Peer 1: 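The structure's right below; bear with me while I get my questions together.
Numbers restart at 1 for each chain; the letters A, B, ... are given by sequence-line order, proteins then strands. Please read all numbers here as calculations on a predicted model, not as lab measurements.
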Amino acid sequence: MKIAHDNAERHVLTVTVDNEPGILAKITGLFTARGYNIDSLTVADISDDHAISRITIVTNGPPQVIDQIEAQLERLVPVHGVVDLTTAGSHVERELALIKVTGTGEARVEALRVADIFRASVVDTTTESFVFELTGAPDKIDSFIALMRELGLVEVGRSGIVGMLRGAEGS
Amino acid sequence: MQTAPEPSKTEKEEHVSDHPHPDNLKADQQSGAAILTQCLVDQGVEFVFGYPGGAVLPIYDELFGDERLRHILVRHEAGAAHAAEGYARATGKPGVVLVTSGPGATNAVTGIADAYMDSIPMVVITGQVPTGLIGTDAFQEADTVGITRHCTKHNYLVKDPAELQSVLEEAFRIATTGRPGPVVVDIPKDVQIAVPSRRITAKLTASHRYTPQMAAPAEQLIEAVEMIAAAERPIFYTGGGVINSGPEATRLLRQLQDITGAPVTSTLMGLGAFPSEHPDWLGMLGMHGTYEANLAMNKADVMVCIGARFDDRVTGKLDAFSPDSKKIHIDIDRSSINKTVPVELGIVGDCSTVLGQMIESWGARKPQDLGEWKARIAGWRARECLAYPEKSAKDPSAIMPQRAVERLHALTHKREPIITTEVGQHQMWAAQYFGFEQPNKWLTSGGLGTMGYGMPAAIGAQLGCPDALVIDIAGEASIQMNIQELGTASQYRLPVKIFILNNEYMGMVRQWQELTYESRYSNSYSDSLPDFVKLAEAYGWTGIRITEESELDAGIEAMLATDGPVIVDCMVAKDANCLPMIPSGAAHTEMLLYGDAHEGTMDDEAKALV
């Protein structure tokens with residue numbers, strides 16, 4: 001008995017929703033119930049009266065599954081709209097990471113030097129540690145973390161992606 | 001309650017906008033429970049199917065003596081949910097359920113999930129522990145919105161009594177419009193008691209977040225009618241969406257068929273939308289569909305799916321499903337389109353609206369000559385796939401269950417009965433041998449396949465249609481799943497009839513064990529059955545037993561001649577199988593028919609399919 005797996009592609013979806021209790025559970029539950037993947041998910045309210053939230057979901061799946069995800073999300077009553085940034089056009093993706101590194105001597109100096117190259121800022125320091133803050137595309141953060149691994153990486157926290165279409169038009 | 005000291009004249013004027021004099025407020029000063037009952041009345045609700053308990057006592061106190069709403073006391077909350085479904089399916093109006101917190105709500109979940117799968121409009125009011133106790137594992141507390149989140153179209157926990165009215169109004173709108181479905185409104189006990197000083201109306205009644213698309217764009221309709229007009233082998237494949245869309249959709253479907261000449265097949269849920277007496281009716285399609293319907297689907301060049309959803313019971317093996325057809329799919333739910341079967345033209349819209357638009361777009365077009373196509377269909381029809389063996393191989397004197405359904409149809413169809421079913425072989429035999437001419441006469445659990453659906457559904461349908469003949473075609477195993485509802489029918493003097501095809505087996509399980517597990521009948525024998533005649537009598541019903549074929553007509557006539565509720569325990573052949581059948585994972589062309597050998601086993605791939 002073989003279990004089938006499909007070829008997946010990565011998509012970034014933004015979902016605008018009414019900011020009501022249980023909406024996040026509805027959305028994440030939909031993904032688990034229907035067997036869709038969530039690579040990352042971010043959410044925060046975006047309106048003055050805190051009534052509307054924007055969720056950015058990074059998911060992967062074959063094109064027909066991505067289309068189904070969009071349709072299933074739009075079916076939820078509190079969902080106002082879904083935009084697939086990956087198909088909608090050129091877009092930016094940004095993620096924030098906090099990275100704690102410990103070390104002394106040359107490693108500490110090197111960590112600071114690499115952070116400078118990546119334009120990471122130091123948001124906390126002791127004589128033997130730094131906490132760096134880095135914002136950027138996910139692969140930039142990936143490579144920064146890979147370099148820090150050799151220089152005393154202790155802890156990583158990442159926000160997940162927030163994305164937006166380029167250009168003057170709102171999505 | 002606090003009594004404020006009499007304010008001075010100037011203060012009184014200042015306060016007037018926030019705290020009007022009690023006399024001016026009387027109409028608005030209602031408790032949450034009173035707001036709820038008023039909303040139900042305003043929504044035109046006739047019946048509330050429910051069961052009381054601690055967390056809904058304030059609502060039950062409101063119902064006490066209220067002549068505007070009729071509360072139907074069921075014997076188990078599952079019965080309430082299915083009765084509401086039956087009422088909704090038979091009348092087209094939303095079914096309303098009222099149950100208490102915790103076990104009351106969880107008992108109703110099966111019926112809620114059933115309504116979700118079959119798109120039945122239903123509003124379920126559940127009591128909840130007081131807001132201060134939520135999350136503390138209080139007595140009879142369950143996370144009702146959490147539990148029902150994925151089996152409702154939408155659900156609410158109302159924590160502010162000021163929101164109650166607008167939530168209920170939106171709940172009814174969501175349940176009944178677009179693709180209908182169940183909506184749960186969970187109301188904590190303190191919210192039922194509280195008297196809100198204001199009402200929030202604007203926020204939730206705004207329609208920005210929920211606007212189902214009813215009509216289709218004109219260019220899609222032109223494309224659709226041109227595809228149909230060019231077709232040499234067209235077929236209409238219709239589903240429950242046509243019934244849900246209302247009687248107008250049924251009328252328009254018949255009209256569109258008339259001008260295009262396309263033959264029509266239907267899913268289990270769609271039976272009745274197209275008359276079974278019509279020469280272009282192919283019968284039901286799918287796993288237990290007719291030979292002609294399945295072969296026509298397989299050979300068609302243009303398929304028009306109207307309000308159906310390409311369920312696995314319909315398609316069989318997906319990559320062999322209607323391989324040569326261009327497909328048009330009309331559905332009000334965008335997520336149903338391209339879900340399992342990719343289509344050339346997906347049209348999002350309400351069946352009745354879109355069918356009307358299509359008829360208009362068709363104009364004076366003429367269909368292709370379908371003579372050759374119809375001749376091929378006639379050839380498949382001549383196979384007489386529903387011609388079952390005259391006698392049981394193991395017990396030649398036993399009544400064939402198919403014959404029992406045929407006789408039931410013959411003796412009742414003039415009265416246009418409403419038929420409900422449980423789930424299993426009897427359900428499929430009812431679908432195959434009981435012809436339906438009109439919509440809303442066939443109530444069955446299609447998507448979820450819930451045993452125990454039929455009797456409570458019959459109770460709901462009988463309340464909604466008091467003059468109709470309502471018959472639950474049941475199996476001896478299914479009927480026991482909600483047998484307690486016998487008492488509900490007795491209490492409200494509902495003359496429902498239950499016709500049990502008693503083969504002493506969970507017949508469909510037995511049939512699958514015969515097909516796939518070399519007849520190892522693991523736990524599918526209905527042992528220790530009750531005496532259904534005595535059981536009927538114990539509840540004040542009439543019980544009739546039929547054991548010989550010679551008694552069949554007389555037994556049915558006796559059932560029809562009885563004013564009150566009747567159980568007919570019709571003993572049928574134990575070894576009869578439900579055919580035609582497309583085995584798991586097989587294509588429409590690989591049907592098992594009567595006369596084929598089918599006992600044996602299957603490979604793991606086939607066994608893994610449901």
Peer 1: Please report the interatomic distance CZ(A:Arg75) to OH(B:Tyr210), rounded to the nearest 0.5 Å.
Peer 2: 10.5 Å
Peer 1: Answer yes or no: are there more than 12 heavy-atom neighbours, outside A:Glu106 itself, under 6.0 Å from its atom CD?
Peer 2: yes
Peer 1: Is it the case that more than 12 heavy atoms not belonging to A:Glu150 sit under 6.0 Å from its CD atom?
Peer 2: no
Peer 1: Between B:Asn155 and A:Lys26, what is the shortest heavy-atom contact and its length?
Peer 2: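 Looks like OD1-NZ, 3.2 Å.
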Peer 1: Do B:His154 and A:Pro78 make a side-chain contact, defined as non-hydrogen atoms from C-beta onward lying under 4.5 Å apart?
Peer 2: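 With C-beta onward as the side chain, the pair touches.
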Peer 1: Out of curiosity, A:Ile23 CD1 to B:Arg149 CZ, how far, rounded to the nearest 0.5 Å?
Peer 2: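 With rounding to 0.5 Å, CD1 (A:Ile23) is 9.0 Å from CZ (B:Arg149).
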Peer 1: Can you find a pair of side-chain heavy atoms, one from A:Gln64 and one from B:Lys339, that are under 4.5 Å apart?
Peer 2: no
Peer 1: Could you have a look at B:Asp603, B:Ile337, B:Asp333 and say which one has the most heavy-atom pairs with chain A under 4.5 angstrom?
Peer 2: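 Among B:Asp603, B:Ile337, B:Asp333, the one with the most close pairs to chain A is B:Asp333.
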Peer 1: With a 4.5 Å cut-off on side-chain heavy atoms, are A:Glu70 and B:Arg334 touching?
Peer 2: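 B:Arg334 vs A:Glu70: side chains touch.
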Peer 1: Check side-chain contact (heavy atoms from CB on, under 4.5 Å) between A:Arg149 and all other residues, then give those that pass, not counting sequence neighbours.
Peer 2: A:Ile145, A:Leu153
Peer 1: Could you have a look at B:Pro342, B:Ser335, B:Ser336 and say which one has the most heavy-atom pairs with chain A under 4.5 angstrom?
Peer 2: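 Maximum pair count with chain A is reached by B:Ser335.
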Peer 1: Side chain, backbone, both or neither: which part of A:Val79 has an atom under 4.5 Å from a heavy atom of chain B?
Peer 2: backbone
Peer 1: Please determine whether the number of non-hydrogen atoms from other residues, nucleotides or ligands lying under 6.0 Å from atom CZ of B:Arg198 exceeds 12.
Peer 2: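 It does not: B:Arg198 CZ has 12 such atoms or fewer within range.
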Peer 1: Within a reach of under 6.0 Å around CZ of A:Arg119, are more than 12 heavy atoms found that belong to other residues, nucleotides or ligands?
Peer 2: no
Peer 1: For A:Gln68, which atoms come within 4.5 Å of any heavy atom of chain B: side chain, backbone, both, or neither?
Peer 2: side chain
Peer 1: Counting only heavy atoms not in B:Asp137, do more than 12 sit closer than 6.0 Å to its CG atom?
Peer 2: no
Peer 1: Step through the shown structure and confirm whether more than 12 heavy atoms of other residues, nucleotides or ligands are within 6.0 Å of NZ on B:Lys326.
Peer 2: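 Atom NZ in B:Lys326 is not crowded, with 12 or fewer foreign heavy atoms closer than 6.0 Å.
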